[in-house]
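Chain naming here is simple, since letters A, B, ... match the order of the sequence lines and numbering starts at 1 in each.
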Number of protein chains: 2
Amino acid sequence: MLSDRQLMILQVIIDDFIESAHPVGSRAISKKDEISLSAASIRNVMSDLEEMGYIEKTHSSSGRVPSEKGYRYYVDNVIAPTVGKSNLYLMKDLIRDEFVDFEKLVQKSAEVLSDLTNYTSIILGPEVFETKVKQLQIVSISEYSAVAILVTDSGHVEHRSFTIPAEISASDLEKIVNILNERLKGVSLAQLPEVITTEVISLMRIYVRDFEKSFKYLQSAFFQDQPVKLYIGGKTNLLAQPEFNDINKVRSFYQMMENEDRVVNLLKTPQHGIKVTIGNENEFDEIKDFSLITASYQLGAEQMGTIALLGPTRMEYRKVITLLNALSNEMTDALYLWYKNNG
Amino acid sequence: MLSDRQLMILQVIIDDFIESAHPVGSRAISKKDEISLSAASIRNVMSDLEEMGYIEKTHSSSGRVPSEKGYRYYVDNVIAPTVGKSNLYLMKDLIRDEFVDFEKLVQKSAEVLSDLTNYTSIILGPEVFETKVKQLQIVSISEYSAVAILVTDSGHVEHRSFTIPAEISASDLEKIVNILNERLKGVSLAQLPEVITTEVISLMRIYVRDFEKSFKYLQSAFFQDQPVKLYIGGKTNLLAQPEFNDINKVRSFYQMMENEDRVVNLLKTPQHGIKVTIGNENEFDEIKDFSLITASYQLGAEQMGTIALLGPTRMEYRKVITLLNALSNEMTDALYLWYKNNG
DNA sequence: TGTTAGCACTCTCATTACTTGAGTGCTAAT
DNA sequence: ATTAGCACTCAAGTAATGAGAGTGCTAACA
């Protein structure tokens, strides 16, 4: 347990370092208004804090820098209790606007979030598996090609074009669509593949000549992979951070960000609420110099998606956590309202 | 006009520099198999070339580096005549696969192109202005919201969700859709806004009560901006180039690439065929250290889109130009075939 | 007994000096 | 016209130096 004095000084060191990115020395601390101790006394405290592992030196005679353990303590014991009290109105503005399109909203949120923080924001779109098919439709473009359009009850639209094999006539196609529509309406996207392979296939076999071929095409057009939507904002923001002066860091960072799967895995967390991962706490090597803060937004008890901010370990935790908290609440509220309207 | 000897040496310098990124000295040149002159003689030639502006020194006693004028000469007089002879089969493979979806094709092309060259590829999707409305449809999601879906005769799908204002009934909405469909079918996207404001409005006024409000919503859902589709591949490739060791270059480059409008403007060229822009020849400051090679792919006489590669001025022009040429031809062919099928 | 002034010590960082090697330009000989 | 030879230039790496920031420890102080 830290004494009041130790806590105070740890806090000053972290706050100062977060702002300046330079190691903090005892003399600098003693000059702060809120500190009325001499540099020498502070040195004693710092020595204690270092022994306990909360701060460290970059070299034998340098000032002190927060360690990951230090940040962790700061996040858990200094910031956490104060979150939730202050409410952010910027976010409200963002969401209050007519809720036209969920994707737009998420995209915009990512943008705002990165602008506000100067870090990189990552938002994982809502899980679409639980949404249900509202309508399936095929618009034929020509004799040889058509577009299949799938609309879900959440207003999500997926579409694929595909070529119509010569053996299938226009009337066959129409039959297929009718069957599919009848049987698939209300089926959740997660169940889709299963329902198709069991029920629909037998139905189709009765009505449609040469159905295997038709089916193959439709399936290739639609039911393989339901990609997770990923929105990234402010990828260049981190370039402005001084810890990014090493070009190799830049390389490995951007290489990681280009790999969507990797980024998605980064955010997949079973946990609700805010989660802070500092430096090596993270399991991915590429971001062992970063901190990642994730928050989930949800609909009822069911998790929907994740918002995250990625920045240096020297991150403005207080600001970021408050912000993320507010945004995830707003999004949860918005989703709830919207869902209610869509009964 | 350059003498044979001068041309030969210029070529050696450029080839060597493109490969190594280091200034090329007279002694190094004289050691090449294809050169049978002493270093001293080469120095004389180099001195001439420098005076003419084709090469330059990085400092008073360094080897020579191609100038932009040098690259320009190389591209115009050394490479141009040899292009078109060699045909690339990799590209064919790419395009020969079932032409399922134009967007997929373009995206894949961007990827392959950047992998093959280690530069950054940028592809501008086909201009959709000339494509025509095939069908407009509105799927209502709930009492309060709906999705509008627009399918064009090129198989392109646009969709927006919007909220239905309380004053508009379901039957009104149906009427609106019917009217829109009837009048808009076959109208090109470019004409869309005009047709709507002239013809459709008056029609709607007759049939639909309180139409101004409905119209406003539909319009906001659709007819404002038709975004150009942009595909970028291998954004991180350039990071591997030695000229990218300056972190500030990295910053300004990535900042530019995040601005879609800027990138689109970069590629908008009235010219058909291959166009090479070297360093300062380009009007955008951010890429004055880069070379940009663009090729258009087309349908008939009508330009459709642009493929481009962005790399350091020290670029493998020969390879890149050949590649781009092949790809743009393949894409043009593919589009032609496809259009014929959709006659 | 906790606090502080004082001082020797350590390490980084910026500056300067030195060395080496690659490359040029010129001149004189071939 | 070509080339060998040589003096000269510059970049880049390395070593030496000094200043500045900061620490740790000890002894004096309230």
Sole residue of B:P66, B:S291, B:P242 in side-chain contact (heavy atoms from CB on, under 4.5 Å) with B:R314
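So the option named by the test is B:P242.
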Does a side-chain N or O from A:R5 land closer than 4.0 Å to OP1 or OP2 of C:dT3, or not?
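Looking at the OP1 and OP2 atoms of C:dT3, one of them is under 4.0 Å from a side-chain N or O of A:R5.
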If the cut-off is 4.0 Å, is B:S26 near the phosphate of C:dT24, judged by side-chain N/O to OP1 or OP2?
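For B:S26, the contact criterion (side-chain N or O under 4.0 Å from OP1 or OP2 of C:dT24) is met.
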Rounded interatomic separation in angstrom, taking [atom1] from [X] and [atom2] from [N]:
X: A:I42; N: D:dT23; atom1: CD1; atom2: C1'; value: 13 Å
X: A:R27; N: D:dG24; atom1: CZ; atom2: P; value: 16 Å
X: A:I29; N: C:dT3; atom1: CD1; atom2: C1'; value: 17 Å
X: B:M46; N: D:dT3; atom1: CE; atom2: C1'; value: 16 Å
X: B:D48; N: C:dC26; atom1: CG; atom2: P; value: 12 Å
X: A:L37; N: C:dT4; atom1: CG; atom2: C1'; value: 10 Å
X: B:K57; N: C:dG23; atom1: NZ; atom2: C1'; value: 9 Å
X: A:N44; N: C:dT3; atom1: CG; atom2: C1'; value: 9 Å

Side chain of [X] - closest among [options]:
X: B:S38; options: D:dA4, C:dA5, C:dT24; result: D:dA4
X: B:S41; options: C:dT4, D:dT2, C:dT10; result: D:dT2
X: B:R43; options: D:dC6, D:dC10, D:dT2; result: D:dC6
X: A:S61; options: C:dC11, D:dA4, C:dT3; result: C:dC11
X: A:S60; options: C:dC11, D:dG24, D:dT23; result: C:dC11

More than 12 heavy atoms from other groups under 6.0 Å of CG on B:N245
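Above 12, so yes.
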Any salt bridge linking A:E243 with A:K249? Criterion: basic side-chain nitrogen under 4.0 Å from a carboxylate oxygen.
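Answer for the salt bridge query: no.
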Pick the nucleotide of DNA chain D nearest each of B:A39 and B:T58; which residue has the one closer to the 5' end?
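Closer to the 5' end of DNA chain D: B:A39.
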Any side-chain donor-acceptor pair under 3.5 Å between A:R262 and A:N265?
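Distance-only check fails for A:R262 and A:N265.
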Parallel, tilted or perpendicular: ring planes of A:Y71 versus A:Y317, cut at 30 and 60 degrees
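Rings of A:Y71 and A:Y317: tilted, as their planes differ by 30° to 60°.
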